[in-house]
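Keep in mind that what you see is a predicted model, and the values were worked out from it rather than measured. Note that ligands are numbered from 1 as they come in the structure, with each ligand's atoms numbered from 1 the same way.
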Amino acid sequence: MKTFINDIKISRIISRAKFSKAKARGIIKKASRLKGLSLNETALLLNCNDPGFLKEIFKAAREIKNRIYGKRVVLFAPLYLSNKCVNDCLYCGFRSSNTTMKRKTLTFAEIKKEVEALQQQGHKRLLLVAAEGPDSKTDYLEKVINIVYKVKKGKGAIRRVNINAAPLTLKEFKRLKKAGIGTYQLFQETYHRKTYGLMHPKGPKSDFEKRLYAMDLAQEAGIDDVGLGALFGLYDYRFEVLALLCHAHHLEAKFGVGPHTISVPRIEPASGAPVSLKPPYPVSDPDFKKIVAVLRLAVPYTGLILTTRESAAFRNELLRLGISQISAGSRTNPGGYAKGKDAGQFSVSDNRSLEQVVGDIIKMGFIPSFCTACYRKGRTGEDFMDLAKPGDIQDFCLPNALLTFKEYLLDYYKALPQQAKALVDKEIKGISSPAIKKTTLARLKELENGRRDLFF
Ligand code: SAM
Ligand code: SF4
């Protein structure tokens, strides 16, 4: 089948993109105009192995990140619903042939407890994660979404629910849209067909094309915020980055809007999944930094997501290079928040609590954001990009980040309260519109007086 992923073309682009400093400097200059990069330009930067020049790429990525996202870092938590899986992905602890894994699908009562536990930490954005199987069908997911939005513990409330679960039919996607999902996230794992076949020997996931076109169906169903990803370590990272761009270009050409986010998971050790202990194409830390920085240059307006698969120190470093959203305080086993430990899907490297992550982010000069405003105001898909590209979204983002952060400070945060308060006072000066600044100041006061959930 002819698809938008052409293995031969991608490999040819990689082998022909000979790195030279002069060419790379021209590409960086183009990237700084925030117009993104072509496949050829991206390949040339990915072929840079000169540590000295990589610093120039990192510097450009830092500047672009700063211009588009400012100091904001969006925080979320995954909520694992089920690890009962019919697939046998060789790298995943949930694979069907892993007989050592205790299997579990959360009941609705257990989900309520998980959501309460997450709310008590201060989370406002959840990513529901499910293995593929009879337990995780649309009926179940629909009910889960309803429950998550309804649970209210103390001052807690989940305001945006995203999903990472197996591809659905058009009709099923429409049902999830109606139930109120934000982003539909699905990782292709590897865009290299042959490797895909080897890694997914059994079950519905072995259909490469079905997975590849899942985002088209989601878009057709009206879910216009979709999140792509590749699992780094399965095949040549340069191939995967170019293929992610092909996927983004395909969506942009067909639906007028590219992916809302791109995730960059890197394989972590998982029990009962030998490939995860010895990935075929391990990605080194320096190469992983290059992946993040080059993606930031290539798709400047696409959110880049990094999870707790990476260590705390490395995540802090990658935040500066282009990551805009991170998970915090995560558990990757169903029931992990309310009950605690069992083996997860893979081992988590960053075990900091949400509060510790927030503390570290503040110390680095970033502003933690729990904002969910765009989705609730209908600024999704093309509407979001129309605002984001000329920079107009900034008028909302910084005030919303400050308002949600202030809420978090008032309701949950115990450590460093003075430092955190000083950050809000300082950053408010960065709001360029006098009218929005005035309203933000008034709303910050209202929050102190007990009002909640104020946003632009
Ligand atoms: N079951 C659904 C699927 O496969 O699309 C969604 C949930 S799956 C639990 C979420 C993602 O976890 C997968 O898409 C894969 O990229 C990632 N993953 C699986 N095993 C991993 C490992 N050992 N290390 C890091 N990430 C892993
Ligand atoms: Fe199942 Fe997803 Fe894990 Fe594959 S990656 S075994 S589909 S949970």
Chemist: Closer than 4.0 Å to some heavy atom of Ile267 - which atoms of ligand 1 meet that?
Modeler: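 Listed by number with element: 24 (N), 25 (C).
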Chemist: Tell me yes or no: between the side chains of Glu240 and Thr190, is some donor less than 3.5 Å from an acceptor?
Modeler: yes
Chemist: Give me the residue, atom name and distance of the protein heavy atom closest to atom 3 (C) of ligand 1.
Modeler: Arg211 NH2, 3.5 Å
Chemist: Heavy-atom contacts under 4.0 Å between Ala131 and ligand 2: side chain, backbone, both, or neither?
Modeler: both
Chemist: Quick check: Glu189 and ligand 1, any N/O pair under 3.5 Å apart?
Modeler: yes
Chemist: Are Ala131 and ligand 1 in contact, using a heavy-atom cut-off of under 4.0 Å?
Modeler: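 So Ala131 counts as touching ligand 1.
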Chemist: Under 6.0 Å between ring centres: does that hold for His123 and Tyr337?
Modeler: no
Chemist: Specify the protein heavy atom at minimum distance from atom 4 (Fe) of ligand 2: its residue, its atom name, and the distance to 0.1 Å.
Modeler: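 Of the protein heavy atoms, Cys89 SG, 2.2 Å lies nearest.
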Chemist: Which one of Gly203, Ala130, Ala230, Pro167 has a non-hydrogen atom at the shortest distance from atom 2 (C) of ligand 1?
Modeler: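 The residue whose heavy atom sits nearest atom 2 (C) of ligand 1 is Ala130.
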Chemist: Just let me know how Tyr91 lines up against ligand 1, side chain, backbone, both or neither, with a heavy-atom cut-off below 4.0 Å.
Modeler: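 The answer is both.
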Chemist: Please find out if less than 6.0 Å separates the ring center of Phe4 from that of His247.
Modeler: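 Ring centroids of Phe4 and His247 are less than 6.0 Å from each other.
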Chemist: Test Arg315 against Glu310 for salt bridge (Lys or Arg N to Asp or Glu O under 4.0 Å), laying out the working first.
Modeler: CA-CA 6 Å; Arg315 292 215 305 163; Glu310 302 298 333; over 6 Å; no
Chemist: Looking at Glu252 and Val257, would you say the former's side chain and the latter's main chain have a donor-acceptor pair under 3.5 Å?
Modeler: no
Chemist: What protein heavy atom lies closest to atom 19 (C) of ligand 1? Include the residue and the distance to one decimal.
Modeler: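 For this ligand atom, the closest protein heavy atom is Gln345 NE2, 3.1 Å.
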Chemist: Nearest to atom 2 (Fe) of ligand 2, what protein heavy atom do you find, and at what distance?
Modeler: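 Scanning the protein heavy atoms, the shortest distance from atom 2 (Fe) of ligand 2 goes to Lys205 NZ, 3.9 Å.
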Chemist: Judging by distance only, is a nitrogen or oxygen of Tyr80 under 3.5 angstrom from one on ligand 1?
Modeler: no
Chemist: Taking the six-membered ring for Trp, is the centroid-to-centroid distance between Tyr184 and Phe173 below 6.0 Å?
Modeler: yes
Chemist: Of all the non-hydrogen atoms in the protein, which one sits nearest to atom 6 (C) of ligand 1, and at what distance?
Modeler: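 The protein heavy atom lying closest is Asn164 OD1, 3.0 Å.
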Chemist: Please confirm whether Tyr412 and Phe370 have ring centers closer than 6.0 angstrom.
Modeler: no
Chemist: Within Cys85, is some N, O or S atom less than 2.8 Å away from atom 1 (Fe) of ligand 2?
Modeler: yes
Chemist: Looking only at protein heavy atoms, which one is nearest to atom 26 (N) of ligand 1, and what is the separation?
Modeler: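 Its nearest protein heavy-atom neighbour is Arg309 NE, 2.8 Å.
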Chemist: So which heavy atom in the protein is nearest atom 24 (N) of ligand 1, and how far is it from that ligand atom?
Modeler: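 Result for atom 24 (N) of ligand 1: Glu268 N, 2.9 Å.
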Chemist: At under 4.0 Å between heavy atoms, is it the side chain or the backbone of Lys205 that contacts ligand 1, or both, or neither?
Modeler: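 Lys205 to ligand 1: side-chain contact only, backbone stays beyond 4.0 Å.
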Chemist: Mark up the atoms of ligand 1 that fall under 4.0 Å of a heavy atom belonging to Val129, in ascending order.
Modeler: 7 (C), 9 (C)
Chemist: So which of Ser206, Pro204, Ser96 actually passes side-chain contact (heavy atoms from CB on, under 4.5 Å) with Asn87?
Modeler: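 So, applying the side-chain contact (heavy atoms from CB on, under 4.5 Å) to Asn87 and each of Ser206, Pro204, Ser96, only Pro204 qualifies.
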Chemist: Step by step, work out the side chain to side chain contact (heavy atoms under 4.5 Å, CB included) result for Gln185 and Phe187.
Modeler: CA-CA 7 Å; Gln185 211 184 66; Phe187 308 153; 3.5 Å; yes
Chemist: Show me which atoms of ligand 1 lie under 4.0 Å from any heavy atom of Leu186.
Modeler: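 By the 4.0 Å cutoff, the relevant atoms are 5 (O).
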Chemist: Determine whether a donor-acceptor pair (N or O, by modelled atom type, separation under 3.5 Å) exists between the side chain of Lys65 and the backbone of Leu319.
Modeler: yes
Chemist: Determine, stepwise, if the pair Thr308 / Asn351 fulfils side chain to side chain contact (heavy atoms under 4.5 Å, CB included).
Modeler: CA-CA 7 Å; Thr308 53; Asn351 287 299; over 6 Å; no
Chemist: For ligand 2, which atoms, with element, lie under 4.0 Å from some heavy atom of Arg95?
Modeler: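 So the answer, numbered in order with elements, is 6 (S).
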Chemist: Give the atom numbers and elements of ligand 1 that come within less than 4.0 Å of a heavy atom of Arg266.
Modeler: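 Near Arg266, meaning under 4.0 Å from one of its heavy atoms, ligand 1 has 25 (C).
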Chemist: Answer yes or no: is there a donor N or O on one side and an acceptor on the other, between the side chain of Arg296 and the main chain of Arg62, under 3.5 Å?
Modeler: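 No: the side chain of Arg296 does not pair with the backbone of Arg62.
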Chemist: Could you check atom 3 (Fe) of ligand 2 against the protein and tell me its nearest heavy-atom contact, residue, atom and distance included?
Modeler: Cys92 SG, 2.3 Å
Chemist: Is ligand 1 under 4.0 Å from a heavy atom in the side chain of Gln185, in the backbone, in both, or in neither?
Modeler: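 Gln185 to ligand 1: no contact under 4.0 Å from either part.
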Chemist: Give a yes/no verdict on a cation-pi contact between Arg331 and Tyr80, requiring under 6.0 Å between NZ or CZ and the six-membered ring centre and an angle within 45° of the axis.
Modeler: no
